[in-house]
Amino acid sequence: MQLYDVEAEQFLPDRFVSGICPHCGSHRAFCDQCEGCGRTLDSTSLIDPVSVLTKTKPELRETIHWYLRLDQLQPRLVRWLETKKDAASCGAHWRAVVLNQSLGRIKKEGLRERSMTRDLTWGVPVPLDDPDAEGKSLYVWFDAPIGYVSFTAALCESNGDGAEAYATWWKDPDCKVVHFIGEDNIVFHAITWPAMMLATHDSESIQGEKGEYQLPHNVVANSYLNIKFPGKEEEKISKSRGNAVWIEDYSRSFDPDPLRYYLTAAAPETSRTAFDIDDFIQRNNGELVNAFGNFINRTMTFANRYFEGKVPAEGARTDVDTAQVRRCGEARARTGEALEACHFKAALGEVMALARSGNVYFDETKPFMTRKTDMDACGRQINVCLQTARTLTTLIAPFLPFTADRCAAMLKLGEDYRSWSSATNELHEGHPLGAAEILVRKLDPDTVFAD
RNA sequence: GGCGGCGUAGCUCAGUUGGUUAGAGCGUGGGCUUCAUAAGCCCGAGGUCCGCGGUUCGAGUCCGCGCGCCGCUACCA
């Protein structure tokens with residue numbers, strides 16, 4: 001039985017019916033819950049129910065819906081989620097907030113069956129040859145994740161592989177599916193959608209056997225990103241308030257990479273953060289340009305000016321030299337680990353740390369001094385700087401693809417420079433170099449504010 | 001009301017399963033350097049890890065209570 005608005009000619013969802021709470025007498029009660037005392041209500045217990053749409057009194061009508069038996073799937077879901085607590089056993093480091101919101105809720109409240117259909121005149125019609133399905137649509141969170149699969153199939157088809165190739169992506173344990181979402185969508189991706197897939201399984205495997213839908217390898221939820229304009233208070237990004245920075249507008253005047261850099265560096269991975277325009281300019285100029293870009297630039301100009309645009313001989317490396325080369329390998333490993341764990345801020349931090357170590361190495365070995373006293377040492381040092389730049393090119397690629405391409409062009413690297421293992425492939429003596437070009441430019445506050 | 005999150009240096013944040021003198025970047029004070037995009041490097045100052053209590057040989061970390069801020073509790077995707 002469900003409340004029906006005769007005038008609007010539609011069934012009413014719980015939040016569309018207001019009335020008086022039978023417990024506390026508050027007038028701010030909805031069908032499912034009272035805003036006054038907070039108690040959850042039975043859908044028919046509300047006193048003097050009124051439709052929010054037409055202010056008329058709704059009547060009870062019988063309707064039929066299809067339910068997802070989350071209650072029956074709960075034990076398997078819990079077993080699956082439990083494995084996600086331990087990175088070692090599941091191979092993925094799940095963020096605490098995702099487990100807390102999903103597993104925590106199940107343990108305290110348990111799951112109830114949930115209707116996956118709605119009495120709607122729009123949306124995706126229930127695809128059943130059943131008179132009761134007439135005029136009913138699928139609940140959005142039932143068909144939205146299925147869309148993940150169907151657009152994979154559509155893509156496979158347009159690629160000429162045939163729609164059935166979707167199984168390569170969705171039904172093969174070797175293919176890890178990772179959902180990147182906002183924190184408000186956690187339960188749908190960590191509970192509802194996995195439950196739907198579990199319901200299709202024949203096996204008792206919690207992850208899914210080959211040929212069965214694979215549950216997510218990881219569900220990575222970010223918090224919200226606020227926005228802060230200079231001289232104003234931090235506020236929520238809102239289309240209606242017009243305080244959003246549109247990608248189309250931004251990309252008309254600026255390169256995408258500085259924005260990528262900032263959005264990664266300031267991402268709300270554990271708690272809400274703000275896109276602060278001042279901070280954006282400052283981090284671009286101080287970190288990306290001064291630390292990273294300048295290291296590449298000072299290395300390239302030096303190599304071009306004093307070594308005829310070729311990689312100088314490696315020579316007999318000193319401890320200081322090998323230590324820097326070793327740092328390149330360590331940075332590759334650490335950045336890779338952080339990326340695997342979806343710790344993108346930390347991963348980017350590792351890349352920046354390598355760039356900074358390059359600057360430290362440059363300052364400590366002083367090739368601009370050895371140039372006058374010991375040309376072999378100078379070449380050895382610039383060789384190490386170039387190896388560092390080589391590693392940086394690959395490591396920065398996942399974050400700043402255009403910048404990486406420009407680095408690769410300067411170092412005359414092949415197409416495969418993005419392959420992670422190639423990061424520490426050393427450039428050989430005599431390897432030709434391109435002209436030194438400015439990688440990233442400073443942002444001028446006045447120009448940015450004008451836009 | 002229920003569920004969940006956050007509170008660590010002046011600012012923005014890291015702190016994995018409790019384990020030495022709590023870290024990074026920026027900012028700030030002092031110094032060095034010139035290859036480089038007026039870039040870079042070194043050293044220093046700066047913290048009652050929101051408060052109180054508890055568990056423990058040991059708590060930023062675990063438990064309880066309190067204070068403050070925030071999100072979810074949608075037929076939006």
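Letters A, B, ... are given to chains in the order of the sequence lines, protein chains preceding strands, and every chain is numbered from 1.
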Residue pairs involving residues 284-309 of chain A (criterion ring-ring contact (aromatic ring centres under 6.0 Å, His included); sequence neighbours excluded): A:Phe302-A:Tyr306

B:G27 to B:C67 separation - P atoms, rounded to the nearest Å: 39 Å

Rounded distance (Å) that lies between atom P of B:C3 and atom CG of A:Leu99: 18 Å

Parallel, tilted or perpendicular, as decided by the 30° and 60° cut-offs, for the rings of A:His179 and A:Tyr148: tilted

Nucleotide paired to B:U16 in any strand shown, Watson-Crick or G-U, under 3.5 Å: none

Distance, P atom - from B:U17 to B:G60, rounded to whole angstrom: 16 Å

Using nucleotides 69-71 of chain B, report all nitrogen or oxygen pairs with the protein that are shorter than 3.5 Å.
{"unit_1": "B:G71", "atom_1": "OP1", "unit_2": "A:Lys236", "atom_2": "NZ", "d": "2.7"}

N/O (side chain, A:Arg95) to phosphate O (OP1/OP2, B:G5) under 4.0 Å: no

Closest to the A:Tyr139 side chain, choosing from B:G25, B:C75, B:C35: B:C75

Touch class at under 4.0 angstrom, heavy-atom based, for A:Val187 against every strand present: nothing

Whole-Å gap separating C1' (B:A38) and CG (A:Asn294): 11 Å

Euclidean distance for C1', B:C13 against B:A22 (whole angstrom): 14 Å

Among A:Tyr139, A:Trp141, A:Phe142, the one residue meeting side-chain contact (heavy atoms from CB on, under 4.5 Å) with A:Arg114: A:Tyr139

Taking only distance into account, with no hydrogens and no angle test, what donor-acceptor pairs under 3.5 Å do side-chain atoms of residues 432-442 of chain A form with protein atoms, sequence neighbours excluded?
none

Value rounded to 0.5 Å, distance of CD1 in A:Ile296 from SG in A:Cys407: 4.5 Å

Touch class at under 4.0 angstrom, heavy-atom based, for A:Asp279 against every strand present: nothing

Geometric cation-pi criterion, A:Arg283 with A:Tyr262: 6.0 Å, 45°: no

Under 3.5 Å side-chain donor-acceptor pair for A:Gln381 and A:Tyr361: no

Proximity to the side chain of A:Leu439 - top-ranked nucleotide from B:C75, B:G27, B:U37: B:U37

Gap in Å between the two P atoms, one belonging to B:C65 and one to B:G4, rounded: 12 Å

Closest-nucleotide ordering on RNA chain B, the 5'-leading residue of A:Thr273 and A:Arg371: A:Thr273

Spacing of the C1' atoms in B:G30 and B:G19 (rounded, Å): 36 Å

Distance between P atoms of B:A14 and B:C62 (Å, rounded): 15 Å

Span that lies between the P atom of B:G1 and that of B:C57, in whole angstrom: 38 Å

Rounded interatomic separation in angstrom, taking CG from A:Asp276 and C1' from B:C13: 13 Å

Whole-Å P distance, B:A24 and B:C42: 11 Å

Identified pairing partner of B:C65, criterion: Watson-Crick or G-U wobble below 3.5 Å: B:G51

Within residues 295-302 of chain A, residues whose heavy atoms come under 4.0 Å of RNA chain B: A:Asn297, A:Arg298, A:Thr301, A:Phe302

Selection from B:A77, B:G40, B:U37 that lies nearest to any side-chain heavy atom of A:Asp363: B:G40

Watson-Crick or G-U counterpart of B:C26, or none if no pair lies under 3.5 Å: B:G10

Strand partner of B:U73, provided both Watson-Crick or wobble distances fall under 3.5 Å: B:G1

Spacing of A:Asn226 atom CG relative to B:G5 atom P, expressed in whole Å: 20 Å

Whole-Å gap separating C1' (B:G4) and CG (A:Leu81): 15 Å

More than 12 heavy atoms from other groups under 6.0 Å of CH2 on A:Trp66: yes

Pair A:Arg317-A:Asn383, side-chain donor/acceptor within less than 3.5 Å: yes

Under-4.0 Å salt bridge between A:Arg334 and A:Glu350: yes

Sugar-phosphate only, base, or nothing, as touched by A:Glu364 at under 4.0 Å among non-hydrogen atoms: nothing

Which atoms of nucleotides 14-17 of chain B (N or O only) lie under 3.5 Å from a protein N or O atom, and what are those distances?
{"unit_1": "B:A14", "atom_1": "OP1", "unit_2": "A:Thr270", "atom_2": "OG1", "d": "2.1"}

Strand partner of B:C41, provided both Watson-Crick or wobble distances fall under 3.5 Å: B:G31

Whole-Å distance separating the CD1 atom of A:Ile186 from the C1' atom of B:A77: 16 Å

Spacing between A:Phe188 atom CZ and B:U73 atom C1', to the nearest angstrom: 10 Å

Donor-acceptor pair, side chain of A:Asp71 and main chain of A:Leu111, under 3.5 angstrom: no

More than 12 heavy atoms of other groups within 6.0 Å of A:Lys228 NZ: yes

Whole angstrom value for the distance that separates P of B:C75 from CE of A:Met116: 11 Å

Touch class at under 4.0 angstrom, heavy-atom based, for A:Asp119 against every strand present: nothing

Side-chain donor or acceptor of A:Lys136 paired with backbone N/O of A:Ile64 under 3.5 Å: yes

Plane angle bin for A:Phe180 and A:Phe344 - parallel if under 30°, tilted between 30 and 60°, otherwise perpendicular: tilted

More than 12 heavy atoms of other groups within 6.0 Å of A:Lys345 NZ: yes

Interatomic spacing from NZ in A:Lys310 to CG in A:Asn304 - rounded to 0.5 Å: 11.5 Å

Counterpart base for B:G46, defined by Watson-Crick or G-U wobble contacts under 3.5 Å: none

Close residues, residues 351-362 of chain A, relative to RNA chain B [heavy-atom separation under 4.0 Å]: A:Arg356, A:Asn359, A:Val360, A:Phe362

SB check A:Asp363 A:Arg298 (cutoff 4.0 Å): yes

